[in-house]
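Contents: one structure, followed by commentary.
All residue numbers in this chain count up from 1 along the given sequence.
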Amino acid sequence: MRKTSTYKLVSLAVLLALFAGTISSCTGNKKEKKSDPKVVEEAIKEEIEEYSYPIVSAFEVTNMLNEIEASYIVGITNDAEKAGSYFSEKDRAVNLGIYTADLAYATTYNQKADVQSYFAATETLVRELDLTSAFDEELPEKIEANLDNKDALVDIITEMFQNAYTYLNQQGRTEVSYLVLSGTVIEGLYLTTHISENTFQNPKLIEAILFQKEPLMKLESMMAEYKDSELLKDVYVDIVEINEIYAMEEGTTSMTKDQVEKLTDLLTKMRSNFTR
């Protein structure tokens, strides 16, 4: 699903290009290359690619857990009431990502009360991070109206956080967008490694863990440019540590017991630091 804000941006680009072409035609300025349809099309493609949500959504992870009939674990997610207790931009951004995954988890399992709680938590952090302009004013009403319609709810929530990513990057807050992404992928992997006491014995859970390997590698690559920034450097190190465990034993269908245990312990520590 493309983001609403991206659509608006692309539509504006098209209109401006057409307008520029008309002016150029009227003035006889044949040197104006920006009105060339191929140039305009390429610019639009670059714009879409730049602001497209870059990794798998939290729903792809939580759907895998649901499909293998893993039970919904009450209390495994971050406490929604903590949302107002995060004060730094870094903590707010990372926990917005964490609550994104928690909201996807509750939605996937049709936990309506938790959906409402985690949506409220994300609203708090969205407001504190000054992201309200990225969202439809009627979003709360849409969430409430579709609590019994899981498919519609998935679409609404997916678009909601894709819009946040687009908006942050359009506003030049790329580092903040990466913190949100980091919180989402770390929480998705935390849920995957903590919904069972026998993760290593469950091939489907191992498959779900390995499914998240590529997005984490991509995220590390994206964040590398900012690895020394004060805002991002600690979280970048966390992502690198996760990927180092994946790299201990290369494979697409299996992991060693040592890998699983190290990954589980590391995520426990990281999650605790983020949500304290």
Side-chain angles (χ1 to χ4, degrees), residues 1-3 5-6 9 42-62 64 89-98 100-101 104 129 131 158 161-193 206-256 259-260 262-264 266-267 269-271 273-274:
M1 180 188 301
R2 296 293 184 192
K3 301 166 288 299
S5 51
T6 305
L9 186 65
E42 186 61 32
I44 291 171
K45 285 181 179 179
E46 290 177 2
E47 197 93 56
I48 291 175
E49 183 176 349
E50 180 179 3
Y51 295 124
S52 293
Y53 200 77
I55 59 176
V56 298
S57 76
F59 281 110
E60 292 182 74
V61 175
T62 57
M64 289 187 76
E89 184 175 43
K90 173 186 170 183
D91 286 346
R92 286 169 175 169
V94 172
N95 279 283
L96 177 57
I98 287 173
T100 298
L129 286 165
L131 298 177
T158 298
F161 289 105
Q162 289 182 340
N163 283 346
Y165 177 80
T166 297
Y167 181 81
L168 283 167
N169 282 278
Q170 288 174 344
Q171 297 298 311
R173 299 172 69 187
T174 302
E175 292 171 73
V176 177
S177 77
Y178 289 170
L179 289 173
V180 177
L181 289 179
S182 297
T184 301
V185 297
I186 287 172
E187 182 74 348
L189 196 53
Y190 174 85
L191 295 174
T192 306
T193 55
I206 298 301
E207 182 180 336
I209 292 172
L210 288 168
F211 174 75
Q212 296 168 72
K213 175 181 177 179
E214 184 176 343
L216 279 152
M217 292 177 64
K218 182 175 182 179
L219 185 56
E220 178 184 337
S221 177
M222 291 165 58
M223 294 171 69
E225 180 182 351
Y226 303 93
K227 65 182 180 180
D228 296 321
S229 78
E230 194 62 34
L231 185 62
L232 205 65
K233 61 183 181 181
D234 291 341
V235 178
Y236 174 76
V237 169
D238 288 337
I239 299 298
V240 169
E241 284 190 61
I242 292 172
N243 286 333
E244 286 176 346
I245 293 176
Y246 273 118
M248 285 172 58
E249 194 77 30
E250 292 291 346
T252 57
T253 60
S254 65
M255 299 179 73
T256 66
Q259 274 181 295
V260 175
K262 285 181 181 295
L263 192 58
T264 302
L266 178 61
L267 287 161
K269 178 183 176 182
M270 287 180 183
R271 176 40 153 57
N273 288 335
F274 289 139

Taking all non-hydrogen atoms of both residues into account, name the closest pair between Thr62 and Ala101 and its distance.
CG2-O, 4.2 Å
Got a sec, which residues hit side-chain contact (heavy atoms from CB on, under 4.5 Å) with Glu60, two or more places apart in sequence or on another chain?
Val56, Ser57, Phe211
Chi angles and distances behind the side chain to side chain contact (heavy atoms under 4.5 Å, CB included) call for Leu129, Leu96:
CA-CA 9 Å; Leu129 286 165; Leu96 177 57; 3.9 Å; yes
State which residues pass side-chain hydrogen bond (donor to acceptor under 3.5 Å, both in side chains) with Thr264; sequence neighbours excluded, sorted by chain then number.
none
Residues which pass side-chain hydrogen bond (donor to acceptor under 3.5 Å, both in side chains) with Ser182, listed by chain and number, not counting sequence neighbours
none
Please enumerate all residues that pass side-chain hydrogen bond (donor to acceptor under 3.5 Å, both in side chains) together with Thr193, with sequence neighbours excluded.
none
Hey, could you give me the CZ/CD1 distance between Phe274 and Ile186, rounded to the nearest 0.5 Å?
4.0 Å
Between Leu210 and Ser254, what is the shortest heavy-atom contact and its length?
CD1-N, 3.4 Å
For a 4.5 angstrom cut-off between non-hydrogen side-chain atoms, does Val61 reach Leu191?
no
Mind checking what makes side-chain contact (heavy atoms from CB on, under 4.5 Å) contact with Ser221, not counting sequence neighbours?
none
I need the Thr158 OG1 to Gln162 CD distance, nearest 0.5 Å.
6.0 Å
Identify, with sequence neighbours excluded, every residue that meets side-chain hydrogen bond (donor to acceptor under 3.5 Å, both in side chains) alongside Ser229.
Glu175
Rounded to the nearest 0.5 Å, what separation is found between the CD atom of Glu220 and the CD1 atom of Ile242?
10.0 Å
Test item: Gln259 and Leu263 side chains (from C-beta on) under 4.5 Å apart, heavy atoms:
no
For Gln171, enumerate each residue passing the side-chain contact (heavy atoms from CB on, under 4.5 Å) test, keeping only those at least two apart in sequence or located in another chain.
Tyr167, Arg173
Residues 232-241, side-chain donor-acceptor partners within the protein, below 3.5 Å, at least two apart:
residue : atom : partner : partner atom : Å
Lys233  : NZ   : Glu230  : OE1          : 3.3
Asp234  : OD2  : Lys90   : NZ           : 3.4

Apply side-chain contact (heavy atoms from CB on, under 4.5 Å) to Met222 and list each qualifying residue two or more places apart in sequence or on a separate chain.
Pro54, Tyr165, Tyr178, Leu181, Lys218
Is there a donor-acceptor pair under 3.5 Å between the side chain of Gln212 and the backbone N or O of Ala208?
yes
Applying salt bridge (charged side-chain N to carboxylate O under 4.0 Å, His left out), name anything that partners Glu244, two or more places apart in sequence or on another chain.
none
Decide yes or no on side chain to side chain contact (heavy atoms under 4.5 Å, CB included) for Leu189 and Val185, but give the supporting numbers first.
CA-CA 6 Å; Leu189 196 53; Val185 297; over 6 Å; no
Nearest heavy-atom pair of Gly97 and Thr184: which atoms, and what distance?
O-OG1, 3.0 Å
